[in-house]
Amino acid sequence: MAKTALVLAAAGRGTRMGTAESKQYLHIGDKPIIVHTLETFATIDAIDEIVIVVHVDDMAKCRQLVEQANFAKPIRFVEGLGERQDSVFAGLRALSSDIEWVLVHDAVRPFVQPKHILACLAEAQTSDAAILAVPAKDTIKVVDAAGHVVSTPDRQSLWLVQTPQAFRVSRLIQAHEQAEATGTRATDDAMVAELAGMTVSVVQGDYTNIKITTPEDLDWAALLLKRKESLS
């Protein structure tokens, strides 16, 4: 049976949050964000192992939090390298040799729902790559360096990309190797895959799958946590 892993991107320093502590270790409710995120993925039987990519300065803290949470899945830690693209590539190279599928997820997206994780994985298994995303609600403008509107794309074709993003491991590693060889920089793994010629399918997620990046996001996260707890 094909095995699946999670690579959790947790090496960011969170400069936009404006806190001394990395954003994934800030609390919502009584737990750090990263623990909330791991709790969701730990409930999914289809995930066989987890690799967490961590900034070297946070390694001891992250290990301690994970050990205290006592998750039932094998979890390994890898030191993050430079930008997110480099860190995810390091995580991919640390996967066990028998892993066939991988989910790449942001540690600061704690509200992704298991049904959407599984839907993304299922779609990837039919097409090699899939991402969660939601349709753009607002009108989007393309703006030049001078601050002038250049164009207004058709909103119906615009989607806001989320994680997890799911891939066949061998194809994603090849795509990262190609990007590294050509010096190509990408903003997410789907872009790495696209530039390597892979077709990436979109699975509709949920607007509550927010990425906690700024102080305002913490307020929104607190409300989402209360709603989640009231429904459980």
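In this structure, Ile75 is not a member of the same hydrophobic cluster as Ile33, with clusters built from ILVMFWY side-chain heavy atoms closer than 4.5 Å. Connection of Leu132 to Met191 is not established within any shared hydrophobic cluster, with ILVMFWY side chains joined at heavy-atom distances below 4.5 Å, either directly or through further cluster members. Val88 is connected to Val169 through a chain of hydrophobic side-chain contacts under 4.5 Å among Ile, Leu, Val, Met, Phe, Trp and Tyr, so both are in one cluster. One hydrophobic cluster holds both Phe77 and Leu103 under the rule that ILVMFWY side chains link at heavy-atom gaps under 4.5 Å. Linking Ile, Leu, Val, Met, Phe, Trp and Tyr whenever their side-chain heavy atoms come within less than 4.5 Å puts Val78 and Leu172 in one cluster.
Using modelled atom types, one side-chain atom of Gln24 and one backbone atom of Ala10 make a donor-acceptor pair closer than 3.5 Å. The backbone N or O of Leu81 sits less than 3.5 Å from a side-chain atom of Ser87, completing a donor-acceptor pair. For Thr37 (side chain) and Ala107 (main-chain N/O), a donor-acceptor pair under 3.5 Å exists by modelled atom type. Here the side chain of His36 pairs a donor or acceptor atom with the backbone of Ile28 at under 3.5 angstrom. Side chain of Lys211 to main chain of Thr163: no donor-acceptor pair is present (N/O by atom type, distance under 3.5 Å, no hydrogens or angles). A donor-acceptor contact shorter than 3.5 Å is absent between the side chain of Lys23 and the backbone of Val108.
Of all non-hydrogen atoms in Leu160 and Ala136, the two that sit nearest each other are CG-CA, 4.1 Å. Lys73 approaches Ile44 most closely through the heavy-atom pair NZ-O, 2.9 Å. Between Trp101 and Ala124 the shortest heavy-atom distance is CZ3-O, 3.4 Å. Among all heavy-atom pairs drawn from Val35 and Lys31, the shortest one is CG1-CD, 4.2 Å. Closest of all the heavy-atom pairs between Leu8 and Leu38 is CD2-CD2, 3.8 Å. Residue Cys120 comes nearest to Pro164 through the heavy atom pair SG-O, 3.6 Å, listed as atom of the first residue, atom of the second, then distance.
Under 4.0 Å is where a charged nitrogen must lie from a carboxylate oxygen, and between Arg185 and Asp86 at least one such pair does.
Screening Arg84, Gln85, Gln165 against Asp189 for a side-chain hydrogen bond (donor to acceptor under 3.5 Å, both in side chains) leaves a single residue, Arg84.
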Which is it for Gln162 and Asn209 under the side chain to side chain donor-acceptor pair (under 3.5 Å) test, yes or no, and what are the steps along the way? CA-CA 7 Å; Gln162 303 176 340; Asn209 183 18; 3.0 Å; yes
Evaluate the side chain to side chain contact (heavy atoms under 4.5 Å, CB included) criterion for residues Thr126 and Glu123: first the C-alpha distance (whole Å), next the side-chain angles of each, then the deciding distance (0.1 Å), finally the verdict. CA-CA 5 Å; Thr126 67; Glu123 179 60 33; 3.7 Å; yes
Please lay out, stage by stage, how Thr208 and Gln113 fare under the test side chain to side chain contact (heavy atoms under 4.5 Å, CB included). CA-CA 9 Å; Thr208 59; Gln113 298 177 41; 4.0 Å; yes
Sequence neighbours left out, cut at 3.5 Å: what donor-acceptor pairs do the side chains of residues 50-67 make with other protein atoms?
from, atom 1, to, atom 2, distance (Å)
His55, ND1, Asp57, N, 3.0
Asp58, OD2, Arg13, NH1, 2.6
Asp58, OD2, Ser22, OG, 2.8
Lys61, NZ, Glu21, OE2, 3.1

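Side chains of Gln204 and Pro135 form a contact here, defined as non-hydrogen atoms less than 4.5 Å apart.
The hydrophobic cluster containing Val202 also includes Ile131, Trp159, Val161, Val200, under a criterion of side-chain heavy atoms closer than 4.5 Å among ILVMFWY residues, counted directly or through chains of members. Within the hydrophobic cluster formed by Ile, Leu, Val, Met, Phe, Trp and Tyr side chains joined at under 4.5 Å, directly or through other members, Leu231 stands alone, with no partner residue.
To the nearest 0.5 angstrom, Ile34 atom CD1 is 12.0 Å from Ile212 atom CD1. The distance from the CH2 atom of Trp220 to the CG atom of Leu225 is 12.0 Å, given to the nearest 0.5 Å. Here the straight-line distance linking atom OG1 of Thr40 with atom CZ of Phe111 works out to 9.0 Å at 0.5 Å rounding. Here the straight-line distance linking atom CG of Asp219 with atom CD of Glu216 works out to 7.5 Å at 0.5 Å rounding. For the atom pair Leu218 CG and Leu223 CG, the distance stands at 11.5 Å (nearest 0.5 Å). Note that CD1 of Ile117 is 12.0 Å distant from OG1 of Thr4, once rounded to the nearest 0.5 Å.
Classification of the His176-Phe89 ring pair by plane angle, with boundaries at 30° and 60°, yields parallel.
Cation-pi geometry between Lys137 and Tyr207 is met: under 6.0 angstrom from the ring centre, within 45 degrees of the axis.
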